[in-house]
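Remember, it's 1-based here, ligands and their atoms both numbered in the order they're listed. No hydrogens, no waters, no symmetry mates; every other heavy atom, side chains included, goes into these values.
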Amino acid sequence: MTENRVYNFSAGPSVMPEEALLEARRDLLNYKGSGMSVMEMSHRSPVFAEIFDSTQEKLRKALSVPDDYEILFLQGGATLQFAAIPMNLSCGKTADYAVTGNFSNKAAKEAEKYCTVHLAATTAPEHNRIPKQNELSLTPDAAYFYYCANNTIYGTEWQYIPETDAPLVCDMSSDILSQPVDVSRFGLIYAGAQKNMAPAGLTVVIVKKDLAGKELPFTPQVMSYKTMIETGSMLNTPPCWCIYMLGLTLDWLLERGGVTWMQELKRERAKRVYDFLDNSRFYLAHAEKDSRSDMNVTFRTNSPELDAAFVKEAAARGLVNLKGHRIAGGMRASLYNAMPMEGVDALVAFMKEFEREHV
Ligand SMILES: *Cc1c(COP(=O)(O)O)cnc(C)c1O
């Protein structure tokens with residue numbers, strides 16, 4: 001690692017590939033002879049248009065997005081999509097929601113303002129597992145089926161794509177680009193960029209084109225997928241800098257083998273931590289084994305005081321942001337794409353040592 005950087009286990013905003021940061025620094029004051037930073041450019045200038053188009057192409061390539069899907073670069077975070085999805089896709093019908101954590105719960109609550117929400121499954125209050133296909137209660141003729149692929153706070157991840165007649169809508173904020181995904185199985189995939197892609201401020205929406213254009217009449221223009229498709233995500237100023245950074249992240253990813261390579265790495269990172277947890281009687285993993293997230297590993301000791309000491313001592317070693325989310329407690333190690341394997345090994349070594357000192 002260069003320049004005394006720490007191993008950053010933050011759940012988001014989170015670690016970025018160092019190569020992407022270094023490249024951005026190189027071009028910070030003068031982007032490829034333009035004489036200015038990407039931050040200072042008109043979003044309608046040819047030089048930025050090239051950045052925008054090539055970033056979209058790279059994302060299409062990385063996720064093998066079929067041609068009948070549009071890739072949108074929007075603002076408002078994943079949270080704005082909690083409202084945009086029912087506004088654009090509910091068409092006055094019932095929408096099915098699987099609530100497996102905090103963000104899908106928030107999405108369902110927000111959707112209730114705009115359509116009838118049917119709770120297709122819930123894992124509350126523990127949120128330590130993912131429902132099985134045969135536990136899903138599906139509404140015939142539902143407008144869509146909504147779920148969150150990876151539960152960032154609780155550390156659970158869907159290991160399968162649900163089978164439904166209704167179009168699938170999926171929040172992939174915390175596991176997008178971590179594995180190959182069959183986009184054609186989905187009506188809409190979306191993700192806030194700040195977990196696994198880019199700085200905060202960009203939301204990626206991948207939407208099947210024929211689902212757009214049926215929004216409720218009061219839908220704000222800036223939230224209408226149809227309008228955003230027609231304007232090429234440029235109804236208004238897009239998050240230019242974040243789009244540029246996403247392009248650099250995608251260069252890094254594609255040069256090294258894309259999402260297949262990422263999947264191998266994510267499994268290996270998670271395996272190293274879970275294998276250790278499973279052999280320890282000092283730490284307790286939160287999620288059930290078949291529902292575990294490779295991206296966010298949640299665990300605790302048997303006392304909140306020890307948990308606090310763990311987080312503090314880890315930080316003193318340059319292993320930072322290991323405190324669990326305030327609603328879940330305990331610890332959380334977020335192992336996103338850009339987390340180096342050395343960071344994982346340093347974490348496991350520290351866990352061992354802390355256990356030895358405190359059993
Ligand atoms: C972080 C996160 C959100 C919220 O994202 P914002 O961009 O802050 O609105 C939603 N869903 C998931 C799965 C997340 O990890």
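If you look at Phe299 and Phe310, their ring centroids are closer than 6.0 Å.
The aromatic rings of Phe103 and Phe82 sit tilted, their planes meeting at an angle between 30° and 60°. Between Tyr147 and Phe186, the ring planes lie parallel to each other; the angle is under 30°, not in the 30° to 60° tilted range. Below 30°, between 30° and 60°, or above 60°: for Phe73 and Phe52 the angle between ring planes is above 60°, a perpendicular geometry.
No more than 12 heavy-atom neighbours from other residues, nucleotides or ligands sit within 6.0 angstrom of CG on Asp67.
A donor atom on one side chain and an acceptor atom on the other are found under 3.5 Å apart for Tyr336 and Asn296.
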What short N/O contacts, under 3.5 Å, does ligand 1 make with the protein, listed by atom pair and distance?
from: ligand 1; atom 1: 7 (O); to: Ala78; atom 2: N; distance (Å): 3.1
from: ligand 1; atom 1: 7 (O); to: Gln194; atom 2: NE2; distance (Å): 2.9
from: ligand 1; atom 1: 9 (O); to: Ala78; atom 2: N; distance (Å): 3.2
from: ligand 1; atom 1: 9 (O); to: Thr79; atom 2: N; distance (Å): 2.8
from: ligand 1; atom 1: 9 (O); to: Thr79; atom 2: OG1; distance (Å): 2.5
from: ligand 1; atom 1: 11 (N); to: Asp171; atom 2: OD2; distance (Å): 2.6
from: ligand 1; atom 1: 15 (O); to: Thr152; atom 2: OG1; distance (Å): 2.5
from: ligand 1; atom 1: 15 (O); to: Lys195; atom 2: NZ; distance (Å): 2.5

